[in-house]
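Taking it in order: structure first as structure tokens, then the write-up.
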Amino acid sequence: QFSSGDLLVAMHQVLHELAEELIELTRSGKASEAQLRLGELRSLSAAIHEQLRWMLSLACSSAKPCDAAISARFGWQRLR
């Protein structure tokens, strides 16, 4: 069974792989093809942001302060 965090990590990995493909297309002289696929990259990025917003909304919906809820739920530390 996978968690929403696992999904987010997998989506992030796919985003990097797609970006690498687009960079390679550009380097190999196929910049127009890479340009055509930029929409894929933007859509995936938007989906990742939406997933992250959803995860944060779950963490912040409890009675605890949001930072504490995020740390407790996902094991994250606040970046300073």
Side-chain angles (χ1 to χ4, degrees):
Q1 179 167 328
F2 296 102
S3 71
S4 55
D6 294 332
L7 175 61
L8 187 65
V9 169
M11 291 169 71
H12 185 232
Q13 180 62 39
V14 171
L15 181 79
H16 280 274
E17 290 168 4
L18 179 56
E20 288 174 13
E21 285 180 40
L22 299 182
I23 290 168
E24 187 54 40
L25 283 170
T26 302
R27 286 182 179 156
S28 66
K30 299 178 182 175
S32 59
E33 187 178 335
Q35 191 75 19
L36 290 173
R37 296 187 60 199
L38 268 179
E40 293 176 51
L41 191 74
R42 289 183 182 122
S43 293
L44 184 53
S45 179
I48 290 169
H49 284 111
E50 186 58 36
Q51 179 72 11
L52 183 56
R53 277 191 290 273
W54 176 77
M55 290 170 67
L56 290 173
S57 73
L58 289 179
C60 294
S61 64
S62 69
K64 298 182 229 173
C66 190
D67 285 347
I70 291 169
S71 295
R73 176 128 187 178
F74 303 111
W76 296 343
Q77 294 181 1
R78 184 175 183 189
L79 298 176
R80 297 186 196 275

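As a basis for the values below, the full set of heavy atoms in this structure was taken, side chains included, without hydrogen atoms, waters or symmetry mates.
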Same cluster or not: are [X] and [Y] linked, directly or through other Ile, Leu, Val, Met, Phe, Trp or Tyr residues, by side-chain heavy atoms under 4.5 angstrom apart?
X     : Y     : answer
Trp54 : Leu15 : yes
Val9  : Leu52 : no
Leu7  : Leu58 : yes

Open item on the list: According to side-chain hydrogen bond (donor to acceptor under 3.5 Å, both in side chains), does anything in residues 22-36 pair up with another residue at least two apart or in another chain? List the pairs.
Closed with: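 Sorted result for residues 22-36: empty, none.
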
Task: Listed once per pair and sorted, the side-chain hydrogen bond (donor to acceptor under 3.5 Å, both in side chains) pairs that draw on residues 41-50, sequence neighbours left out - done: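 Checked against side-chain hydrogen bond (donor to acceptor under 3.5 Å, both in side chains) - neighbours excluded - the pairs reaching residues 41-50 are Glu50-Arg53.
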
Open item on the list: To the closest 0.5 Å, what do you measure between CD (Glu21) and CG (Leu25)?
Closed with: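 That separation rounds to 7.0 Å.
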
TODO: Drop me the distance from Met55's CE to Leu8's CG, to the nearest 0.5 angstrom.
DONE: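 Here the rounded value is 5.5 Å.
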
TODO: Indicate the atoms forming the closest heavy-atom contact of Ala34 with Leu22, along with that distance.
DONE: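 Closest approach of Ala34 to Leu22: CB-O, 3.6 Å.
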
- [ ] Please tell me if the side chains of Leu18 and Arg37 come closer than 4.5 Å, counting only heavy atoms from C-beta onward.
- [x]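 Of all side-chain heavy-atom pairs linking Arg37 with Leu18, at least one is under 4.5 Å.
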
